[in-house]
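Have a look at the structure below before the remarks.
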Amino acid sequence: MTLQNKLNFSGGPGALPEKVLVQLSEEIINVPGPGLSILGISHRSEWFAEVIAELENNIRTLMGLSDAYHVLLLQGGATQQFSMVPMTLLRGQNSPAEYLHTGYWSGKAIPEARLEGPVRVIWSGSENNFNRLPSDDELCFSPDAPYIHYISNETVEGLQFQRILGRNDVPRICDMSSDFLSKPCEFERFSLIYAHAQKNIGPAGITVIVIRNDLIEHTTGNLPGFLDYKTQIKAHSNFNTPPVFAIYAVLLVSRWLINDIGGLENMAAINNRKAELLYRVIDESDGFYRGRAAADRSLMNVVFKLSSAELEAGFLSRAQAAGFSGLAGHRAIGGLRASIYNAVTLEAVEELAGFMDEFRRRSKPN
Ligand SMILES: *Cc1c(COP(=O)(O)O)cnc(C)c1O
């Protein structure tokens with residue numbers, strides 16, 4: 001492992017556990033059993049059928065899902081789900097689906113849904129520059145909506161819901177791309193959850209979709225097979241050639257979460273500790289570091305800035321020289337961002353916190 005891999009704070013594709021990277025690097029040449037490179041194993045092999053079955057099962061175990069749910073592994077990223085969800089559930093509907101506009105990524109989901117049917121944005125953070133999330137008394141959900149859609153963690157602005165929204169008689173749909181499997185959650189209160197792998201659980205190439213049977217039982221849309229949840233379910237996520245490597249990498253991460261970390265409770269304890277460390281440095285910096293969120297701070301993406309662009313550039317170049325990477329803010333808003341996904345270790349975060357303290361002391365005017 002290089003120092004840069006250990007100190008990778010990238011917003012995505014993000015850090016992966018050292019153990020997984022080492023195993024993958026060996027298996028680029030030889031996967032024990034098949035004796036083949038992971039890059040050259042047939043997606044129709046018995047070996048790969050077992051990989052899919054074990055991964056589905058691990059996701060069920062981690063999330064505590066009953067048989068009422070299917071687990072799918074699809075390509076196209078979260079962006080494809082921005083379309084697939086309304087193609088399946090909103091085409092031909094008269095009452096609007098309800099969307100929350102809480103930041104950059106929900107702002108990408110909404111126009112895609114509008115292409116398929118009526119949408120009502122029930123809350124938007126645009127007036128306050130997306131520096132907080134809505135409270136319950138700002139939200140009024142209609143019983144007639146075909147579904148409600150929101151994003152659990154706004155990756156760019158660094159805002160995270162710590163509760164489940166919506167009403168129990170309307171299907172809840174959630175994009176959990178940037179905090180999936182980072183903490184326990186009552187996952188069965190959702191009808192559909194999607195999360196691409198490349199932030200918290202693997203490399204780019206697949207998106208995990210967890211979908212309740214009854215959500216799609218009665219849908220009839222004439223969709224291309226690739227974009228049809230039902231077809232994909234029947235094919236066990238193997239409708240056309242899936243990204244074998246990415247799926248295998250996510251399997252190794254799921255084993256790491258279960259066997260090395262010990263499940264989502266333990267993962268959450270580590271993640272809380274990591275976020276606490278960085279927010280403390282920010283809060284105790286006398287305004288030197290300025291956190292972006294006024295409330296609802298994300299435990300995954302710590303977004304902050306300094307008093308000037310010059311100081312931020314100095315921070316980034318000093319950080320790079322010390323081995324840190326991925327600390328520049330998203331290109332849409334600038335500033336700085338430390339993404340502390342599951343695979344970023346507590347030790348790496350302690351190093352970053354130390355670096356930030358040190359940088360502040362050195363920059364203080366005398
Ligand atoms: C990064 C991100 C996306 C975009 O995902 P792609 O896989 O690139 O399509 C969508 N939603 C959230 C919450 C994200 O963080």
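First listed ligand is number 1; within each ligand, the first listed atom is number 1.
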Q) At what distance is the nearest protein heavy atom to atom 2 (C) of ligand 1, and which residue and atom is it? A) K199 NZ, 2.5 Å

Q: Identify, with sequence neighbours excluded, every residue that meets side-chain contact (heavy atoms from CB on, under 4.5 Å) alongside R280.
A: R273, E276, E284

Q | Residues forming a ring-ring contact (aromatic ring centres under 6.0 Å, His included) with F324, sequence neighbours excluded | A | F355

(Q) Could you report the tightest heavy-atom contact between L7 and A322, atom names first, then the distance? (A) CD1-O, 3.9 Å

(Q) Taking 4.0 angstrom as the limit and counting only heavy atoms of T79, give me the atoms of ligand 1 inside it, by number and element. (A) 6 (P), 9 (O)

**Q.** Electrostatic pair E54-R255, nearest N-O below 4.0 angstrom
**A.** yes

Q | atom 15 (O) of ligand 1 [closest protein heavy-atom partner, distance rounded to 0.1 Å] | A | T155 OG1, 2.4 Å

**Q.** Pair K230 + D228, salt bridge at N-O below 4.0 Å
**A.** no

Q) Of all the non-hydrogen atoms in the protein, which one sits nearest to atom 10 (C) of ligand 1, and at what distance? A) A78 CB, 3.4 Å

(Q) With heavy-atom distances below 4.0 Å as the criterion, list the atoms of ligand 1 near I151. (A) 13 (C)

Q.
Considering N301, N153, I206, D175 one by one, which has a heavy atom nearer to atom 11 (N) of ligand 1 than any of the others?
A. D175

Q. Does ligand 1 have an atom under 4.0 Å from some heavy atom of Q198?
A. yes

Q: Give me the ring orientation class for Y289 and F304: parallel if the planes are under 30° apart, tilted from 30 to 60°, perpendicular past 60°.
A: perpendicular

Q | Salt bridge present between K199 and D179 (N-O < 4.0 angstrom) | A | no

Q. So which heavy atom in the protein is nearest atom 7 (O) of ligand 1, and how far is it from that ligand atom?
A. H196 ND1, 2.6 Å

Q: Before signing off on this row, confirm whether F82 and ligand 1 have an N or O atom pair separated by under 3.5 Å.
A: no

